[in-house]
Number of protein chains: 2
Amino acid sequence: MQNPKLSKDEVARAALRILDEMGLPDLTMRRLAADLNVRPSALYWYFPNKQTLLADLADRIVTQGRPAELVTGWDEQLRLVALALRDSLLAYRDSAEIVSSSLALGLGENPAHSTLRDALDSSPFDAEMTQRAAATMLHFILGHVSLEQQRIQYDSLGALSGEPVMLRMESCAGAFRFGVDTIISGLKQHSLAHPTATPGE
Amino acid sequence: MQNPKLSKDEVARAALRILDEMGLPDLTMRRLAADLNVRPSALYWYFPNKQTLLADLADRIVTQGRPAELVTGWDEQLRLVALALRDSLLAYRDSAEIVSSSLALGLGENPAHSTLRDALDSSPFDAEMTQRAAATMLHFILGHVSLEQQRIQYDSLGALSGEPVMLRMESCAGAFRFGVDTIISGLKQHSLAHPTATPGE
DNA sequence: ACCTGAACACCGTTCAAGT
DNA sequence: ACCTGAACACCGTTCAAGT
C-alpha cells in the first residue's frame, strides 16, 4: 500500500540512509530490503548484484555535495577540489572504502578522478601527466579519508583514543591539507622541470 | 597424525598461502581450517577473531621481503623505501586492502608507517612533519597498490582490458614512481620554506 | 513488469564437551 | 592445553511461481 512501486532511485537512497546511520557492515541486501518493506530478491530487479549497487552509491557520494568554487590557477583549483572531495566523502560513513572498491570497475572514468582532472585543465601538463597527477591526488585522498573514517568508527566503538575527538578532527584536517599541499608543490616543480607549454613557435 | 599440534605461526602461513593462491575473498576461517585439517573453531584458540589474524598477516607482508638498500640523503632513502614497500605488497594478492584495514587498530605504530618514518631520520623535519610526511606517502602507496591489485584481479577474471597486460604493468610502475617523486619533490619545497635545522644559534 | 517464496551454498563466532 | 561437535545468527544470489 505504501510502496506500490519501487524505483532504482528509492533503493539507492534507502541504501545511503543505512550507510549514513549504521555504516557499511550493516548495509546488507536483506536489511535494505527490510527497510523498503520488500523481500531481498526484489532488489535484484533493480541492481544485478550488490557490487553494482555500491558503485551507484559511490557515484552519488562524490557527485553530491556542493561543487568546489571556481578560481583561476590550476594549483588553487586543485586544492579546492581536493578539499571538497574530502568533504563529500566525510558526509557518509565508510564512503572512501566504497569509492575505492568501485574504482576498479569504471576503469578511469569515475567522477572523482574526472573532477580532479578537470581542475588541471589550465595546467601546463600534457594528458598523461594530468592523468597521473589526478591519480596521485586521488590515491592520497582515498587513503587518507579511508583511515580517517576507520578511526572515527573505532572511536565511536567506545574505545578511548589517546587524544580528545575534537583535537583529532583538527589534526586530521591539518594532515590532509599538508598532504594536498605537498603534492601540489611537487607538481609545480614538475611543471618547472618540463615546461611543455608551447615554447614560442 | 600429521598435525599433532598446530601453532600460531602455522595458521598464519597457511593463511598467507590461501591469500597468495586464491585472494582475500577465499580466505575464510572455514577454508583455512580445512587446509589445516582442523575444525573452524580450533582457529579461535590461536586468534581471537579474523580481524586479529588479518592484522598479523599485514605485519608479515610488510616485514617480509628484502629491506630497502641503505643510502645517504633522506630523499633517496624515502624513495627506495617506498619502492620496496610496493614490492612487498605486490607479493601477495589483496595485500594493500589488508594492510589498510589493519592500520586503524595499531594506531600509528604499524611497521609500514615506521619504515617510512625511519627513512626520514636524516631529514630536517620535526617530529610532527615527519609523521605527516610518512602518512602522506603511506596513503599514496596503499591507494595506488590497492587500485593496482584490484585491476590485476579484474584482468585475471577474463575481462579483456584495453591495453596489454605487460604494458599496463609498466604504466603502473611509472605512475607509481611519478607519485613518489612528486611527493618527495613537494617535501623538499617544504624543507626549504621552513628551515627548522638549527639556524646557527 | 514487478515481486514473493523457498531454497542453495555459504559466512564468523561461541561454547559445552571431549581428550 | 588443545581441539571437536553442534549450534546460532547471519550472508548474497537464483529462480520458479505468482499477480
Side-chain angles (χ1 to χ4, degrees), chain A residues 1-19 21-58 93-94 97-98 101-102 104-105 150 153-154 157-158, chain B residues 1-19 21-58 93-94 97-98 101-102 104-105 150 153-154 157-158:
Chain A
M1 192 42 105
Q2 40 189 358
N3 298 334
K5 283 283 169 61
L6 222 48
S7 75
K8 199 168 166 168
D9 194 65
E10 273 177 285
V11 174
R13 294 165 90 97
L16 281 180
R17 249 197 38 248
I18 294 178
L19 194 65
E21 291 171 6
M22 333 283 296
L24 186 54
D26 284 307
L27 176 47
T28 67
M29 298 301 269
R30 296 175 112 98
R31 157 102 216 208
L32 177 56
D35 279 20
L36 290 165
N37 281 116
V38 110
R39 262 17 81 199
S41 48
L43 302 176
Y44 291 83
W45 201 89
Y46 298 97
F47 295 94
N49 48 51
K50 191 178 182 180
Q51 201 176 165
T52 309
L53 168 63
L54 291 180
D56 193 291
L57 299 187
R93 246 191 265 214
D94 301 326
E97 205 181 324
I98 293 178
S101 52
S102 300
L105 310 185
Q150 281 178 272
Q153 98 178 82
Y154 194 73
L157 225 111
Chain B
M1 192 41 108
Q2 39 187 359
N3 299 333
K5 284 281 170 61
L6 222 50
S7 77
K8 200 168 163 165
D9 193 65
E10 273 177 287
V11 174
R13 295 165 89 97
L16 280 180
R17 248 197 39 248
I18 295 177
L19 194 65
E21 292 171 6
M22 332 284 296
L24 186 55
D26 285 307
L27 177 48
T28 69
M29 299 301 268
R30 297 175 112 98
R31 157 102 216 209
L32 177 56
D35 279 21
L36 290 165
N37 281 115
V38 110
R39 263 14 83 198
S41 48
L43 302 177
Y44 291 83
W45 202 90
Y46 298 97
F47 294 94
N49 48 50
K50 189 178 182 181
Q51 202 176 166
T52 308
L53 169 62
L54 291 181
D56 193 291
L57 299 187
R93 245 190 267 215
D94 301 326
E97 205 181 325
I98 293 178
S101 53
S102 301
L105 310 185
Q150 282 178 271
Q153 96 178 84
Y154 193 75
L157 226 112

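For the numbers below, each heavy atom of this structure counts, side chains included, while hydrogens, waters and symmetry mates do not. Chain identifiers are assigned alphabetically (A, B, ...) following the order of the sequence lines, protein sequences preceding nucleic acid strands; residue numbering begins at 1 within each chain.
Side-chain proximity of A:W45 to D:dT13, D:dC3, C:dC3: nearest is C:dC3. Side-chain atoms of B:L6 lie closest to D:dC3 of the nucleotides C:dT4, C:dT14, D:dC3. With D:dC3, C:dT13, D:dT13 as the candidates, the nucleotide lying closest to the side chain of B:V38 is D:dC3. For B:R30, whose side chain is taken as the heavy atoms from C-beta onward, the closest listed nucleotide among C:dC3, D:dC3, C:dG12 is C:dG12.
At whole-Å resolution of the value, CG in B:D26 and P in C:dA9 are 17 Å apart. Atom NZ in B:K8 sits about 13 Å away from atom P in D:dC2, given to the nearest Å. Residue A:N49 contributes atom CG, which lies 17 Å from atom C1' of C:dC10 at whole-angstrom precision. Atom CZ of A:R39 and atom C1' of D:dG18 are 14 Å apart (whole Å). Here the P atom of nucleotide C:dC11 and the CE atom of B:M22 are 11 Å apart, to the nearest Å. When rounded to the nearest whole Å, the span between NZ of B:K5 and P of D:dT4 equals 13 Å. Between B:N37 atom CG and D:dC2 atom C1' the separation is 16 Å, expressed in whole Å. In this entry the distance linking CG of B:L43 with C1' of D:dT4 reads 12 Å, nearest Å.
The nearest heavy atom of DNA chain D to A:P48 and to A:R31 marks one nucleotide each, and the one closer to the 5' end goes with A:R31.
Residue-level contact check: B:F47 touches neither bases nor backbone, having no heavy atom under 4.0 Å from any strand.
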Show, in sequence, the C-alpha distance, side-chain angles and deciding distance for A:L57 and A:L27, and conclude whether the side chain to side chain contact (heavy atoms under 4.5 Å, CB included) test is met.
CA-CA 12 Å; A:L57 299 187; A:L27 176 47; 3.9 Å; yes
Test A:M29 against A:Y44 for side chain to side chain contact (heavy atoms under 4.5 Å, CB included), laying out the working first.
CA-CA 9 Å; A:M29 298 301 269; A:Y44 291 83; 3.7 Å; yes
Begin from the C-alpha positions of A:L43 and A:L53 and carry the test side chain to side chain contact (heavy atoms under 4.5 Å, CB included) through to its verdict.
CA-CA 10 Å; A:L43 302 176; A:L53 168 63; over 6 Å; no
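Separating the P atom of D:dA9 from that of C:dA9 is a span of 23 Å, rounded to the nearest Å. Comparing C:dC3 with D:dC15, their C1' atoms are spaced 13 Å from each other, to the whole Å.
Between B:S41 and C:dT14 there is no side-chain N or O to OP1 or OP2 distance below 4.0 Å. For D:dC3, one of the phosphate oxygens OP1 or OP2 lies less than 4.0 angstrom from a side-chain nitrogen or oxygen of B:Y46.
Side-chain N or O atoms of A:R93 include one that pairs as donor or acceptor with a backbone N or O of A:E21 at under 3.5 Å.
Figure legend. C:dT4 is base-paired to D:dA16; pairs are counted as Watson-Crick or G-U wobble with both atom distances under 3.5 Å.
Taking CZ of A:R30 as the start and CG of A:D35 as the end, the distance is 14.5 Å to the nearest 0.5 Å.
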